[in-house]
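Just so you know, these numbers use all the heavy atoms, side chains as well, and skip hydrogens, waters and symmetry mates.
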Protein chains: 2
Amino acid sequence: MKPETRQQEIIRVAAKLFKEKGYSAVTMRHLATAMDIKAASLYNHIESKQDILERIIISLAETFTQGMKQISESNETCINKLKKIIELHVHISSKNSYGMASLNNDWMHLESQLTYYKKLRSDYENDFKTILEDGIKSGEIIHAKPDVMMFSILTTLRSLYIWIPKKEVINLKELTDDLSNILINGIAKE
Amino acid sequence: MKPETRQQEIIRVAAKLFKEKGYSAVTMRHLATAMDIKAASLYNHIESKQDILERIIISLAETFTQGMKQISESNETCINKLKKIIELHVHISSKNSYGMASLNNDWMHLESQLTYYKKLRSDYENDFKTILEDGIKSGEIIHAKPDVMMFSILTTLRSLYIWIPKKEVINLKELTDDLSNILINGIAKE
DNA sequence: TTACACAACTAACACTTGTTAGTTTACTTG
DNA sequence: CAAGTAAACTAACAAGTGTTAGTTGTGTAA
C-alpha cells in the first residue's frame with residue numbers, strides 16, 4: 001500500500017465536504033482550510049475545482065461500469081447476478097461513501113465530462129435492465145415492469161452512501177444478505 | 001381555484017431551478033431571468049433566497065407529517081398502512097416533483113428552520129418504523145430488521161421525484177400498485 | 001555544494017454573489 | 001381626479017468567488 005499522495009488527500013477531503021454541503025456550496029477556501037493550507041496552494045496539486053469533481057465522479061462511475069461488465073458477462077443465474085450487483089454497491093459505498101454522494105448529487109455540475117458520465121450511467125442501467133428482462137424470460141423473476149423493479153432496487157442501492165456511515169457496526173456481509181433478501185424476495189417467483 | 005400569486009410563481013420557478021442545479025448553484029439573477037424580471041424585483045415578493053428554500057421544504061415536510069399522522073392513527077392493517085404511505089409519496093411527488101428535489105437534496109442549506117426540519121423528518125421515520133415493528137409483532141411482516149426494511153422502502157419512495165417526470169404516461173394508480181407489489185411482497189410473510 | 005523539484009506562501013485579478021435604497025410605472029379604489 | 005398599492009426598475013455595495021503570478025523555504029539527488 002503506497003501512502004496517499006497530496007493530490008489524493010485533497011480529493012478525499014473535498015469529497016467529504018462535497019457530501020456535507022454539495023459541490024457548489026464548497027469553496028476552494030473552505031477546502032484549503034480543511035487541508036490547513038491556503039487556497040492558492042491547492043493549485044500545486046489539482047488543476048481546478050472542476051478537476052476535483054471529475055476525478056471523484058468519473059473514477060467511481062468507471063468502477064461501477066467495470067463491476068457490471070464482470071457480472072453481466074458471468075454465467076450466473078439472474079438472481080445471483082442481482083445479488084452480485086447488490087454486493088458491488090455495498091462494497092463501493094462502504095469504501096467511498098463521500099464520493100458516492102458526489103456521484104449521486106453533483107454529477108450535473110460536470111462540464112466537459114458530463115456526456116461521458118451520462119453514457120456510463122445509461123449503459124449501466126441498460127445492463128441492469130437486461131438482467132431483469134432475462135430473469136423474467138427464464139422464469140426466475142416475476143412478470144412485473146422491469147422499469148419499476150430497476151428503479152426500486154437501484155435507488156435503494158444508490159442511497160446506501162447515506163445509510164452505511166450511520167450504522168455503528170458495519171457488518172457488510174450481513175447488510176448485503178439482508179438487502180438481498182428484502183429486495184429480491186419481492187421479485188423472485190414464489 | 002385562486003390564481004397563483006406572484007410569490008407562489010417565484011417559488012414554483014425557483015423549485016424547478018433548484019431541482020436542476022441545486023440550491024447553491026442557482027443565483028437570484030438566474031431566478032430573475034427565468035421570471036423575466038430583474039433580481040432586485042424578486043425582493044418585492046420574497047424576503048430572501050433562504051426564505052424561498054424554507055417555504056419549499058417546510059410546507060412539503062409538514063404535508064408528509066400530516067399524511068403520516070392520518071395513516072398511523074387509522075385502524076388499518078400494517079400492510080395497508082404501508083400501501084397508504086406509498087400512495088402518499090406517489091401523490092405528493094407527482095404534484096410537486098420540483099419541491100421534492102429540494103426536500104431531498106437541499107435541506108442541509110436550511111438555516112433557522114434546520115432543527116425544525118430535522119425533527120419533522122425523524123418523527124416521520126419513527127412513525128414509519130413503528131408501523132413496521134407492529135407488523136412484525138402481528139405476523140403481517142417477515143421478521144427482518146426494521147431499519148433495513150425502512151431504508152429500502154423509504155429511499156425508493158424518496159427518489160420518486162426523479163422518476164415520475166420521466167414516465168410519459170403517468171398513471172399514478174398503476175404506479176402505486178406496481179410499487180406496492182414490488183416493495184411489500186418482499187416484506188409480507190408468504 | 002549546487003541544483004532542482006515540491007509544496008507552501010502573499011498579493012492580486014476580474015467577476016459574481018445576495019441584498020438594499022430609492023425611484024418609476026401602471027392599475028385599482030375612494 | 002386623487003390616493004394608494006403592487007411590482008417593476010436602476011444603481012450600487014460589501015463580501016466572496018475561482019484562479020493566476022510570482023516568491024520562499026525545505027528536503028533530496030548529483
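- Summary of the strand contacts: B/Arg29 and A/Ala39 both lie near DNA chain D, and taking for each the nucleotide with the nearest heavy atom, the more 5' one is attributed to B/Arg29.
- Following rounding to the nearest Å, A/Glu9 (CD) and C/dC6 (P) show an atom-to-atom distance of 17 Å.
- Candidate nucleotides D/dT10, C/dT19, D/dA7 were compared by shortest atom distance to the side chain of B/His45, and D/dA7 ranks first.
- Between the NE2 atom of A/His30 and the P atom of D/dG16 there is a distance of 9 Å, given to the nearest Å.
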Original post:
Do A/Ser112 and A/Glu54 pass the side-chain hydrogen bond (donor to acceptor under 3.5 Å, both in side chains) test, and can you show the C-alpha distance, the side-chain angles, and the key distance before you say yes or no?
Top reply: CA-CA 9 Å; A/Ser112 63; A/Glu54 287 176 4; 3.2 Å; yes
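- Contacts of B/Thr27 with the nucleic acid, taken as non-hydrogen atoms under 4.0 Å apart, involve only primed sugar atoms and P, OP1 or OP2.
- Only one option out of A/Trp107, A/Phe64, A/Tyr124 pairs with A/Tyr117 in a ring-ring contact (aromatic ring centres under 6.0 Å, His included); it is A/Trp107.
- Closest of all the heavy-atom pairs between A/Pro165 and A/Ser97 is CG-OG, 3.6 Å.
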**OP:** Applying salt bridge (Lys or Arg N to Asp or Glu O under 4.0 Å), run through B/Glu140 and B/Lys83 and close with a yes or a no.
**Re:** CA-CA 13 Å; B/Glu140 285 183 78; B/Lys83 285 183 183 170; over 6 Å; no
Subject >> Step-by-step side-chain hydrogen bond (donor to acceptor under 3.5 Å, both in side chains) determination, B/His30 to B/Thr27 >> reply: CA-CA 5 Å; B/His30 291 149; B/Thr27 72; 3.2 Å; yes
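- Distance A/Glu47 CD to D/dG18 P: 17 Å, rounded to the nearest Å.
- Here the nucleotide nearest the side chain of B/Ile37, chosen from D/dG18, C/dT10, D/dA8, is D/dA8.
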Hey, what are the protein-to-nucleotides 21-27 of chain C N/O distances that come in under 3.5 Å?
none

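- Atom CD1 of B/Ile10 and atom C1' of D/dA6 are 12 Å apart (whole Å).
- Residues A/Leu179 and A/Ile86 come closest through the heavy atom pair CB-CG2, 4.0 Å.
- Atom-to-atom, NZ of A/Lys38 to C1' of D/dT23 comes out at 16 Å; the value is rounded to the nearest Å.
- Rounded to whole Å, the distance from OH on B/Tyr43 to P on D/dT10 is 17 Å.
- Here C/dT19 is the nucleotide among D/dG18, C/dT19, C/dT17 with the atom lying nearest to any side-chain atom of B/Lys49.
- Atoms CG (A/Leu31) and C1' (D/dT19) sit 14 Å apart, rounded to a whole Å.
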Original post:
Going through the checks in order, is the side-chain hydrogen bond (donor to acceptor under 3.5 Å, both in side chains) test met by A/Thr155 and B/Thr155?
Top reply: CA-CA 7 Å; A/Thr155 55; B/Thr155 55; 5.3 Å; no
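- Atom P of nucleotide C/dC15 and atom CE of A/Met28 are separated by 20 Å, given to the nearest angstrom.
- Looking at heavy-atom distances under 4.0 Å, B/Arg6 makes contact with sugar-phosphate atoms alone, never a base.
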